[in-house]
2 protein chains.
Amino acid sequence: MNLHILENILAIEREGSITKAADKMYITQSAMNQQLLKLEEDLGIPLFTRSNRKMIPTYAGKIYIEAVKKILAIHNETYSRIRDIAEFRTGEISITHTPERGALNFTNVYPVFHEKYPGIVFKIYEARVKEMEKLLLDGTVSLAHVSVYKRNPEFEYVILGTEKVVLGVPVTNPIAELAGEKSWKKPPVIDTSLLSGQKFVMNDSSTLMRDIIDDIFKKNKVKPNVLFESVSTGTILSVVKNQIGLGCFPQSYVKPSKEMVYFSFGEALQWELCIAYRKDHYLSEPEKYYIEISKDVYDKGK
Amino acid sequence: MNLHILENILAIEREGSITKAADKMYITQSAMNQQLLKLEEDLGIPLFTRSNRKMIPTYAGKIYIEAVKKILAIHNETYSRIRDIAEFRTGEISITHTPERGALNFTNVYPVFHEKYPGIVFKIYEARVKEMEKLLLDGTVSLAHVSVYKRNPEFEYVILGTEKVVLGVPVTNPIAELAGEKSWKKPPVIDTSLLSGQKFVMNDSSTLMRDIIDDIFKKNKVKPNVLFESVSTGTILSVVKNQIGLGCFPQSYVKPSKEMVYFSFGEALQWELCIAYRKDHYLSEPEKYYIEISKDVYDKGK
DNA sequence: AAACGTTACGAATCGCGTAAGAATT
DNA sequence: AATTCTTACGCGATTCGTAACGTTT
């Protein structure tokens, strides 16, 4: 059944006549009549009482007409919304990032983006790196701000930059002497054999960071003394500053400090900061633009 | 465009695959695919991103799907309502009557009616007899409880009974002596020549009653002295009882009274109590039933 | 005679199924 | 090789317009 019949029914009611309604809708009386008769047959009840004077809706007709009005209202609104989307005037970019990292990046990128696409809203999901893959695969999210240690062949990655993992050591720890004056500028590579038995505030086992650290410690046969775990990089930093134990965090958190010094793990321990999306995902113009300015903002930030 | 596509779109989303959705909906993958492609072409934007893994709704797709859900909800509700109407389980009878008369009849008829058709509601319009014709003709109302003095060829009339017009005369008026003891049982016919110059409380000129009285007075060259007019039969009765003047009202208001006596105008002044409807109006089963029991109730009331 | 709804019929269009193609796993 | 979406093509159903018919004013 053709959708036009819905509008035509309303026309019949408005005009009070099949002939007049047909004229208004640019079809023949015959077609209009056939549409109405077929509809009435389908419903099993007349929608109008035929009077030579006028087409008058029956009780069923009134109910049907009310429904048609509601449906057409929804239909029209939906079509104009979708037309807006097609023209990038409105839309949604769903993106996921980790609680600590993404928000930072996002607040720098968003104002520039909003300039060009004021109608597009971001739907932000916070998730650990491991969960992000699920969100990308099931379509909950189209983009993910992610630190990549091991790539997944189902995804495409746009590299914003690389970041080393840094080891923070309290100044009161004997190891700290090996760091030199300006370790915050260029952290020297640590001799991992020194780390066995050291007290550590570890990243929570839900984090990618923890996987990576476990990985490198296992390779180098380091057995750390884990005091406790935390998902928060801030907590880890403050534990180190308070001379309680050693901790690992991304390079971007490094700042000159009197309470701690920094070491790196060399090339072995670094990851890529990426925006990831499914290989089969069609990138919309706004999404492409978001990725572009993310790269720009990251480069300027250096 | 076939309406089935709406349900099919939801199936594609649910199943995450055209093939599976097609199986569920008992059509071929090909047909399902063609429907989706055509719809997407019409909208000018894809509704799903094709992944070998899954069909994932795009942002536009999500919006479309939401709209479809709303539309199908309205559609289903409407169809079940209309099915109920077709089977007389629910419905509406729109009827008009005069403020004084109809309500009385209606309260007697309604309980019996409700027994058989509990789902049918009455939509009651109060109107003067003269306005009733408009309401019937424009379809606002399908039935009218009406007192018929002159028939209209556009309407069909079901006669419930006839009713004479009665003249009420205060006992203190000299004419009252002519009435005899039990005028409330059988009002004697008045000699209209006695009425010229008498004080009258007249029915309002919007009423059919007034037209009829004017008619008969003109024929008999009676020139009444009109004190004032009222639409309310109750007012007229109380004026007569208070010995202020004479008044006319339907026979059904006659009761034994110490303050007034009754006369009739003979055969000349009587009308038919009817239920009227447009000749081209299709009477539904409940409407037919309502008319039947109206007749029954009227007959018993006598 | 004019206006309007209904019906008959042929032509154009639409929608579906079969079957083959293309791409991915 | 198997699965899934896409495309080609032909058949059958649907829909529309022309035109005639029936009824009312």
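Per chain, numbering begins at 1; letters A, B, ... match sequence-line order. Keep in mind that the numbers below use all heavy atoms, side chains included, and drop hydrogens, waters and symmetry copies.
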Kindly indicate whether a cation-pi arrangement holds for A:K116 with A:Y289, taking the cut-offs as under 6.0 Å to the six-membered ring centre and within 45° of the axis.
-> yes
Looking at the rings of A:Y157 and A:Y277, which for Trp means the six-membered one, are their centres under 6.0 Å apart?
-> no
Taking CD from B:E41 and P from C:dC14, how many angstroms apart are they, rounded to a whole number?
-> 11 Å
Rounded to whole Å, CD1 of B:I27 lies from C1' of C:dT18 at a distance of 14 Å
Please round to the nearest 0.5 Å and tell me the distance separating atom CD1 of A:I85 and atom OG1 of A:T90.
-> 5.0 Å
Would a 4.5 Å heavy-atom cut-off, applied to side chains only, mark B:K279 and B:E154 as touching?
-> no
Let me know the distance between NZ of B:K54 and P of C:dT25, rounded to the nearest Å.
-> 17 Å
Residues within residues 30-39 of chain B bordering DNA chain C, heavy-atom distance below 4.0 Å = B:S30, B:A31, B:Q34, B:Q35, B:K38
Ring center gap for A:F113 and A:F122 short of 6.0 angstrom = yes
May I have all residue pairs that pass ring-ring contact (aromatic ring centres under 6.0 Å, His included) and include part of residues 16-63 of chain A, sequence neighbours excluded?
-> none
Please list residues of residues 3-23 of chain A whose heavy atoms come under 4.0 Å from any atom in DNA chain C, ordered by number; otherwise none.
-> A:S17, A:I18, A:T19, A:K20
Any luck finding a side-chain donor-acceptor pair between A:E287 and A:S142 under 3.5 Å?
-> yes
Return the value, rounded to whole Å, for the distance between atom OH of B:Y26 and atom C1' of C:dC16.
-> 18 Å
How many angstroms lie between CD1 in A:I56 and CD in A:E13, if you round to the nearest 0.5 Å?
-> 11.5 Å
Over how many whole Å does the gap from A:Q29 atom CD to D:dC16 atom P extend?
-> 14 Å
For D:dT24, does either OP1 or OP2 sit under 4.0 Å from a side-chain N or O belonging to A:R50?
-> no
